[in-house]
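Here's the structure we're looking at; comments come further down.
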Amino acid sequence: MSVFVWSQVLIAIAIVFDIASFQFKQRRQIVCCLCVSGILISVHFILLEQWTAAGLLMLASIRYFCSIFTTSKRLMSVFLLSALIITVGTFSGLLSVLSFTATLFQTTAAFCQSDQRLRQLMIVGTSLWLVHNYLAGSPSAVLMEVLFIGSNLVGYYRYYGVSLQVKKVAIE
């Protein structure tokens, strides 16, 4: 099998963990699934020689693992600084900017105490990864992000109904 095919197989496995992640209510279970998925996606990007994305996803796996145990804003700052260092060290243009911006949202999400806020920020970050993956030429990764957003929205609806944060403000 070619390197490209292997990269797509890894994404297929990651899809299972991504879809499962937002069907859980507990924040801890969500981030455990995201940790495993991040490792698989990182290896995917290594195979595609997308070094910024690979580094940021490996960092994301470590971040998700740490966020299982803490929502410390100080630790979040360490991960944000680490993401900046990885991006600068592997910079390759627009794809690096997209992956870094997506990482900012998802890092903030990982350290939210509320699973509801985590879900909201993950939708923004995932949307940026979707554009990144399209431009990087990985059809399975694009599909993964579409399914991830869909799973997140289904989970959000299951636990919070259609009342998004904007609706709550209007009622108050």
Side-chain angles (χ1 to χ4, degrees), residues 1-48 50 52-69 71 76 79 83 95 98-165:
M1 265 201 269
S2 73
V3 171
F4 179 78
V5 172
W6 277 112
S7 75
Q8 302 306 290
V9 168
L10 289 173
I11 288 298
I13 298 167
I15 286 172
V16 174
F17 285 94
D18 277 352
I19 290 174
S21 68
F22 282 111
Q23 297 315 305
F24 293 111
K25 170 73 172 137
Q26 298 301 313
R27 192 188 147 299
R28 182 182 196 125
Q29 294 168 317
I30 294 169
V31 293
C32 281
C33 286
L34 294 175
C35 179
V36 173
S37 175
I39 293 168
L40 296 167
I41 300 167
S42 178
V43 175
H44 157 83
F45 282 124
I46 289 169
L47 293 174
L48 295 179
Q50 295 292 324
T52 303
L56 291 175
L57 265 295
M58 193 54 69
L59 179 65
S61 292
I62 297 166
R63 174 188 75 215
Y64 287 128
F65 180 77
C66 291
S67 74
I68 292 169
F69 307 103
T71 56
M76 180 183 79
F79 280 104
L95 290 178
L98 280 169
S99 58
F100 176 70
T101 306
T103 296
L104 292 179
F105 281 99
Q106 292 182 331
T107 298
T108 304
F111 289 94
C112 286
Q113 291 180 348
S114 158
D115 75 290
Q116 186 175 18
R117 187 70 176 147
L118 179 147
R119 292 168 192 276
Q120 293 165 348
L121 291 171
M122 289 299 284
I123 288 172
V124 176
T126 302
S127 298
L128 292 167
W129 276 114
L130 187 141
V131 173
H132 171 278
N133 295 344
Y134 174 78
L135 294 175
S138 179
S140 295
V142 169
L143 175 63
M144 175 190 65
E145 301 301 356
V146 168
L147 293 172
F148 188 74
I149 290 170
S151 176
N152 189 350
L153 290 172
V154 167
Y156 194 96
Y157 180 76
R158 283 179 53 217
Y159 296 115
Y160 300 104
V162 293
S163 63
L164 296 175
Q165 199 69 14

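Because the structure is a prediction, the values reported are computed rather than measured. All residue numbers refer to positions in the sequence shown, counting from 1.
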Write out all pairs satisfying salt bridge (Lys or Arg N to Asp or Glu O under 4.0 Å) with one or both partners inside residues 98-109, taking only residues at least two apart or from two chains. none
Sidechain-backbone polar pair: [X] side chain, [Y] backbone, donor-acceptor under 3.5 Å:
X	Y	result
Ser37	Cys33	no
Ser151	Ile19	yes
Ser7	Phe4	yes
Ser21	Asp18	yes

Of all heavy-atom pairs between [X] and [Y], which one has the smallest distance, and what is that distance?
X	Y	answer
Val31	Tyr64	O-CB, 3.6 Å
Leu10	His44	CD1-N, 3.9 Å
Ser127	Ile149	OG-CD1, 3.7 Å
Leu98	Val131	CD1-CG1, 3.8 Å
Ser67	Phe111	CB-CE2, 4.0 Å
Tyr159	Gln23	OH-O, 3.0 Å

Under the side chain to side chain contact (heavy atoms under 4.5 Å, CB included) rule, collect the residues that match up with Val16, sequence neighbours excluded. none
Going from [atom1] on [X] to [atom2] on [Y], what distance comes out if it is rounded to the nearest 0.5 angstrom?
X	Y	atom1	atom2	result
Cys35	Ile68	SG	CD1	5.5 Å
Ser99	Leu135	OG	CG	11.0 Å
Gln50	Asn133	CD	CG	9.0 Å
Ile41	Leu56	CD1	CG	12.5 Å
Ile123	Leu128	CD1	CG	12.5 Å
Thr52	Phe45	OG1	CZ	10.5 Å

Any residue meeting ring pair (Phe, Tyr, Trp, His ring centres under 6.0 Å) with Phe100, in chain and number order, not counting sequence neighbours: none
Counting C-beta onward and ignoring hydrogens, is there a side-chain heavy-atom pair between [X] and [Y] closer than 4.5 Å?
X	Y	answer
Leu118	Ile30	yes
Tyr157	Leu153	no
Phe79	Ile62	yes
Leu34	Gln106	no

Hey, are Arg119 and Gln116 close enough side-chain-wise for a donor-acceptor pair under 3.5 Å? no
Can you classify the ring geometry of Trp129 versus His132 as parallel (below 30°), tilted (30 to 60°) or perpendicular (above 60°)?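 Taking His132 first and then Trp129, their aromatic rings stand perpendicular (interplane angle over 60°).
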Neighbour count above 12 (heavy atom, 6.0 Å) for Phe65 CZ: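 No, the 6.0 Å shell around CZ holds no more than 12 heavy atoms from other groups.
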